[in-house]
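Since the structure comes first, as structure tokens, the remarks are kept for the end.
In what follows, every chain begins at residue 1, and chains take the letters A, B, ... in the order their sequences are listed.
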Number of protein chains: 2
Amino acid sequence: MGATIRDVAKRAGVSVSTASAALNNKPFVTPETRARVLQAALELNYHADRTARSLAVGRTHQIALLIPASLEHTFSASDFFNQLVRGIYKACGQEDYSLVLYAAERETDIVPQMERWVRSRSVDGFLITHPTWGMLYVDVLEESHVPYVFIGRPPETVTTFAGYVDNDNVQVAYDATEHLVELGHQHILFINGPSRYTYAHDRTVGYRKALDAHGLPFQAELLVEAELTFVDGYRIVDRLCGSVTFTAIVVLNPMQALGVVHALAKHGCKVPTDVAVVTTECEMAAYMYPPLTAVDIRPYQLGYEAARMLLRCLAGETVAPHIVPHTFVVRDSTSPVR
Amino acid sequence: MGATIRDVAKRAGVSVSTASAALNNKPFVTPETRARVLQAALELNYHADRTARSLAVGRTHQIALLIPASLEHTFSASDFFNQLVRGIYKACGQEDYSLVLYAAERETDIVPQMERWVRSRSVDGFLITHPTWGMLYVDVLEESHVPYVFIGRPPETVTTFAGYVDNDNVQVAYDATEHLVELGHQHILFINGPSRYTYAHDRTVGYRKALDAHGLPFQAELLVEAELTFVDGYRIVDRLCGSVTFTAIVVLNPMQALGVVHALAKHGCKVPTDVAVVTTECEMAAYMYPPLTAVDIRPYQLGYEAARMLLRCLAGETVAPHIVPHTFVVRDSTSPVR
DNA sequence: AATTTTTATCGAACCGTTTCGATAAAGTTG
DNA sequence: CAACTTTATCGAAACGGTTCGATAAAAATT
């Protein structure tokens with residue numbers, strides 16, 4: 001069925017090793033020979049068997065995208081993940097790498113699975129999304145010298161990674177909060193992501209820093225933690241409406257934001273006249289009613305940079321953490337406090 | 001670094017072939033020998049090199065998930081894709097297959113890419129989401145005898161596939177429409193997906209069939225086509241409000257539905273009192289305000305069944321198209337016409 | 001007891017590449 | 001022109017598994 005390099009060599013009238021050299025643009029091949037080999041390859045519709053090449057060179061040219069938490073929530077987290085994967089895919093395509101999806105339903109399953117993946121040498125490196133505080137599997141990676149790059153700052157307990165890509169999440173939360181403070185809001189509800197993610201920690205810092213900077217008191221009941229789902233955003237607001245007072249909400253996840261907006265509607269709160277809302281950028285933010293003020297954390301860029309970083313590692317370069325700058329888009333969901 | 005099967009064989013005091021037989025649960029290996037080999041493998045932390053095994057057996061144990069259209073929209077299409085991938089991933093995991101992501105930004109890029117993927121034998125089979133009407137790459141697949149399964153009914157021009165998985169989309173649209181008709185609605189706006197997808201065709205059929213069955217006239221201006229985005233759902237309703245009359249909307253995509261709901265809010269139309277809405281099921285449908293009546297097309301199941309079908313193909317079994325049944329969830333967004 | 005069958009193990013070949021040392025031809029130098 | 005260097009090509013040995021035919025030991029049959 002498929003032609004092998006032997007067939008190509010025979011047809012071109014050269015040895016297998018010369019054919020290989022010609023096909024891989026190695027030096028010391030005469031232009032005529034190279035042309036003959038390429039011609040033969042074309043005629044036979046030859047494509048090198050990826051598996052055989054991998055075995056020979058010891059590289060699979062595949063990287064894994066690891067989603068430690070169950071696929072469910074991470075994927076659901078609005079189009080963040082979608083954009084992220086697009087960026088990763090783009091970078092991989094540029095260097096002819098392919099992307100394999102690795103996930104584990106439960107956190108405890110990861111270590112043995114990781115062991116298998118790594119020892120069986122099925123991928124050259126790992127891209128790890130949303131590192132959480134209890135990552136036991138990094139030991140496995142470290143021990144086997146497989147490069148890995150985090151998407152999201154890893155916790156301080158992990159120091160052995162090749163690099164990571166993230167936003168400056170302190171600043172992200174700071175900017176969002178400050179924007180509202182400057183509009184005169186004094187009671188700002190901050191709906192954070194789950195504390196198992198490092199960015200939730202950083203954003204808390206940013207939120208408090210912004211309040212401090214403007215001499216506003218921190219109210220513990222205005223800082224809540226929620227899963228990155230429509231449901232959780234909805235429930236928080238549904239529960240808090242009436243019981244605590246706030247005139248603005250920072251909710252840095254589109255799905256949560258959607259839930260928030262719907263819960264506000266249910267309670268008859270108008271955005272932005274009753275409550276101002278700022279969220280993270282996504283396709284629909286501009287088209288919601290009202291259009292939402294958002295901070296764009298550039299997920300495509302995050303993915304792209306992370307993949308490029310990993311590929312640079314694989315090429316033997318050393319890398320340093322990379323911070324993707326965020327931008328702020330003011331729309332109609334934030335207005336001065338009444 | 002990594003232990004090879006030779007190391008295991010040596011430590012267990014057997015030949016390489018015996019070690020292989022023992023590790024792969026082949027017959028004619030004494031329990032003691034097997035135990036010794038397994039013990040040695042454990043001690044050396046041996047895991048078979050995936051590449052080497054692939055080369056030897058001629059199978060990569062990887063399947064590709066192909067997203068022919070640009071990643072952008074398909075991924076964005078609400079959590080359908082998320083659920084789909086979870087189902088696929090589950091089925092793959094059960095048989096130790098891994099999943100590699102294949103996409104092409106532009107449709108025209110696919111054929112040459114497909115040629116490379118297929119001839120280089122990097123995956124054992126393909127899962128193809130959302131087949132559209134102009135799929136040139138199936139010829140490549142067919143020619144090389146690589147099995148492929150569609151998610152979504154392929155167009156009639158394609159007859160050579162191993163199998164496909166889909167809903168009964170005629171019935172999906174029929175049920176949604178009939179539900180509204182039975183509530184007394186006579187002017188039902190049907191927001192369809194892009195006509196390049198076969199399901200859009202099927203749903204049109206179902207919509208018209210339901211109208212016919214209840215003696216209602218078909219109004220061309222009430223059947224519109226839109227991309228599967230928040231924006232498109234929003235724009236359609238924003239444009240049509242006022243110019244044409246309708247008291248109900250069937251919009252079988254959550255993102256579009258979200259846009260629809262927001263456009264209705266903008267125009268001061270209350271759901272369901274002014275306009276009834278039915279959509280496809282997703283996490284947030286139940287929590288929207290009001291909670292949306294939805295048809296559950298079971299994306300997880302679609303993915304799971306599709307992957308299982310492909311794996312059965314790879315095992316040499318013959319397969320037949322599989323229809324995943326949908327269910328109907330009545331909530332608050334549909335009420336009798338005023 | 002001699003013959004056949006079954007069972008367990010082994011060595012060698014193979015999968016399709018790349019890589020490396022050897023070699024011959026061509027080019028350069030003294 | 002002899003001696004060395006460079007250039008182009010080749011054959012064989014990896015890479016790390018699986019598979020298959022051969023073989024010896026054990027069990028069953030005559």
Side-chain angles (χ1 to χ4, degrees), chain A residues 1-38 40-41 44-62 96 116-124 144, chain B residues 1-38 40-41 44-62 96 116-124 144:
Chain A
M1 176 69 244
T4 74
I5 199 170
R6 273 164 243 276
D7 302 327
V8 174
K10 192 181 292 176
R11 173 174 270 249
V14 297
S15 75
V16 170
S17 46
T18 305
S20 176
L23 290 165
N24 291 296
N25 283 314
K26 291 281 166 65
F28 304 131
V29 179
T30 33
E32 305 92 74
T33 309
R34 188 187 307 281
R36 259 206 337 279
V37 171
L38 259 43
L44 293 171
N45 195 14
Y46 169 79
H47 291 80
D49 185 300
R50 191 167 190 157
T51 310
R53 164 176 286 161
S54 294
L55 181 58
V57 303
R59 288 289 192 87
T60 60
H61 250 239
Q62 299 195 132
D96 197 33
R116 283 217 310 279
W117 293 334
V118 162
R119 310 303 289 221
S120 65
R121 296 234 310 280
S122 27
V123 293
D124 293 343
S144 342
Chain B
M1 174 71 245
T4 74
I5 198 170
R6 276 160 240 275
D7 302 328
V8 174
K10 191 180 291 176
R11 175 174 267 249
V14 298
S15 75
V16 170
S17 47
T18 304
S20 176
L23 289 165
N24 292 296
N25 283 314
K26 292 280 166 66
F28 304 131
V29 179
T30 28
E32 305 92 73
T33 309
R34 188 186 307 279
R36 255 201 347 274
V37 171
L38 259 43
L44 293 171
N45 195 15
Y46 168 79
H47 291 81
D49 184 299
R50 190 161 191 164
T51 309
R53 166 177 282 158
S54 294
L55 181 59
V57 303
R59 289 289 192 88
T60 61
H61 251 238
Q62 300 196 131
D96 197 32
R116 284 217 309 278
W117 293 334
V118 162
R119 310 302 289 224
S120 65
R121 298 235 310 279
S122 25
V123 293
D124 294 344
S144 341

When the distance from CZ of Arg53(A) to C1' of dG16(D) is rounded to whole Å, what number comes out?
18 Å
How long is the line joining CZ of Arg59(B) and C1' of dT19(D), in whole Å?
16 Å
Please determine if a side-chain N or O atom of Tyr46(A) lies less than 4.0 Å away from the OP1 or OP2 oxygen of dG16(C).
no
Is there a side-chain contact between Thr30(A) and the phosphate of dT9(D), meaning an N or O under 4.0 Å from OP1 or OP2?
yes
Take atom CZ of Arg34(B) and atom C1' of dT7(C), then tell me their distance rounded to the nearest Å.
13 Å
Under a 4.0 Å heavy-atom cutoff, the residues of residues 6-27 of chain B touching DNA chain D are Arg6(B), Val16(B), Ser17(B), Ser20(B), Asn24(B), Lys26(B)
OP1 or OP2 of dA8(C) sitting under 4.0 Å from any side-chain N/O of Thr33(B)?
no
Start with the C-alpha gap between His47(B) and Val118(A), add the side-chain angles, then the distance that decides, and say whether side chain to side chain contact (heavy atoms under 4.5 Å, CB included) holds.
CA-CA 9 Å; His47(B) 291 81; Val118(A) 162; over 6 Å; no
Rounded distance in Å - CD (Glu32(B)) to C1' (dT7(C))
13 Å
Considering non-hydrogen atoms only, spot the tightest contact between Arg36(B) and Gly13(B) and give its length.
NH2-O, 4.2 Å
Output yes when a side-chain donor or acceptor of Asn24(A) lies under 3.5 Å from a complementary backbone atom of Lys26(A), and no otherwise.
no
Please confirm whether the backbone N or O of Arg50(A) pairs with a side-chain atom of Ser54(A), one donor and one acceptor, at under 3.5 Å?
yes
Rounded to whole Å, how long is the line connecting atom CD1 of Ile5(B) with atom C1' of dG17(D)?
6 Å
Measure the distance from CZ on Phe28(B) to P on dA22(D) and round it to the nearest whole Å.
17 Å
For Leu55(A) and dG16(D), what is the distance between atoms CG and P respectively, to the nearest whole Å?
7 Å
Give the angle between the helix axes at the two ends of the helix from dA1(C)-dT30(D) to dG30(C)-dC1(D), taking five base pairs at each end and rounding to 10°.
50°
Separation of Arg50(B) atom CZ from dG17(D) atom C1', in whole Å?
14 Å
